[in-house]
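Keep in mind that the numbers below use all heavy atoms, side chains included, and drop hydrogens, waters and symmetry copies.
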Amino acid sequence: MAEQELPGVLILDIGGIHGVLPNIVALLQKHFRLITMKEFLENKKEMSKKIQSVFVFERRPTIDQELLESLPNLKVIANSGVGVDHLDLKMISNFGVKVTNTPHAVADTTADIGMALMLASARRLVEGCQIVISPDTKYFAVDWLGVEVTRATLGIIGMGNIGYKVAQRAKAFEMKILYHNRNQRKKEEEQAVGAHYCEKMEDLLQQSDFVMLALNLTPETCKLIGKRELGLMKPTATLINISRGAVIDQDALVEALQKKVIMAAALDVTDPEPLPRDHPLLKLNNIIITPHIGTATVQAIRMMAEEAIANMLAVLNGQPIPSEVFPK
C-alpha cells in the first residue's frame, strides 16, 4: 500500500524528551502515516482530514476539546498503557471517538516492579547501597536490619490483571495474600494464588505487613489512602504504590512516615511527576521513589505499541476491539 493511502495517526513527536521512541515509530509506520503535532499545527487544513487515530504515548499529546473539534475524521484514541485518568472519556465519547488501552501488555512488567519495590524496601537496598559506596563508611553495623518478605502478609488493593499477577509472584514467597477489590474474584482464581478476599479495606490494612496499591485512579479512588487509612496500618508495615500517585494523600503519607505511623513506603508513582525538588517526601530516608518505570522495559514498550496498533486497526476496519475503554 502506498504511503499516501495509509490512515493518518497523530503523535506528539518522534524521539526527543517526550516523543515516540524510534523502534515504536517503525512499528507504527507499517500501518499508518505518522503526523507529528508540529506538522499538524503547521498545516491544520490538510492534516486534519487525514488523521483518523491518535497514539497517546506517555500521556501525550494532550487530548482536549479544541483538538477533537479540529479532527473531523478521528475515530480512535489509542492509549499506550492501562491508565486513562488523563483522558476525559465522556467528552471524547461525545465526539463519537473510541478510546482503547493496553491492559495485557502492562500486567507482568508492572507486577515485577511491585515485587522489586517490596523487596528493595524490606531489605533496605537503596540505603544499603549508599552505605557501601559512602566514603565515610569504615565498617558495616551488625544491627542494620531489614524485614522478611517470605511468609509475610501482603494486602493487595485492586485485584485486576496487575494485582493478580502480583499475587502469583507473592505466592512463590509463601506470603499470606489478602485482597480488596470492587468485585470478589472467582473461587478457583483465589485458590490458585491462595488469596483471601477482604470485603472491607480496613480489615486488609490492619492485617498486612505490606500493602500494595494496584488500582485505577478514578474520582472514587483519589486519595483513597489518607490519614485514617495509614493509621489503621501496622507501625511495621510498608505501603507500595504501583498505580497512580493521586491514590494516596501525599501530605498524610509524609506525616505518617515522619511520625513512624508506618515503617516505610515504596512508590513508583507520585503526584505530580516528578515531585518538586523541595517536596518533603524527597527528604525522608524511609522511602524509595522510582520514576514511574512500571512499564519501562524494552519488551513492555513494544508490546504496548503492538496492542495499541491492534486496537486502532480494529476500529478503523470495523472489527471487534481488543481493549476498548468505556466512559462510566
| field | Ion pair Asp112/Arg169, N-O distance below 4.0 Å | value | yes
Side-chain donor/acceptor pairs under 3.5 Å, residues 138-160, sequence neighbours excluded:
unit_1 : atom_1 : unit_2 : atom_2 : d
Arg151 : NH1    : Glu174 : OE1    : 3.4

| query | Could you go step by step and tell me if Leu267 and Leu253 meet the side-chain contact (heavy atoms from CB on, under 4.5 Å) rule? | reply | CA-CA 11 Å; Leu267 316 174; Leu253 179 60; 4.0 Å; yes
| message | Walk me through whether Met304 and Phe57 qualify under side-chain contact (heavy atoms from CB on, under 4.5 Å). | response | CA-CA 10 Å; Met304 285 192 290; Phe57 182 75; 6.0 Å; no
| Just checking, is any N or O donor in the side chain of Asp203 or His180 under 3.5 Å from an acceptor N or O on the other one? | no
| query | Would Lys234 and Asp209 satisfy salt bridge (charged side-chain N to carboxylate O under 4.0 Å, His left out), going step by step from the backbone distance to the final call? | reply | CA-CA 7 Å; Lys234 297 179 181 180; Asp209 299 305; 2.9 Å; yes
| Cation-pi between Arg185 and Tyr164: NZ/CZ under 6.0 Å from ring centre and within 45° of the ring axis? | yes
| task | Tell me, with the steps shown, if Arg244 and His292 meet side-chain contact (heavy atoms from CB on, under 4.5 Å). | result | CA-CA 9 Å; Arg244 285 290 186 269; His292 202 152; 3.6 Å; yes
| In this structure, are over 12 heavy atoms from other groups packed under 6.0 Å from Lys283 atom NZ? | yes
| Looking just at side-chain N and O atoms, do Glu202 and Gln206 make a donor-acceptor pair shorter than 3.5 Å? | no
| Are a donor atom and an acceptor atom from the side chains of Asp268 and Thr290 found within less than 3.5 Å of each other? | yes
| Note, Leu275 side chain near Ile289 side chain (heavy atom, < 4.5 Å) | yes
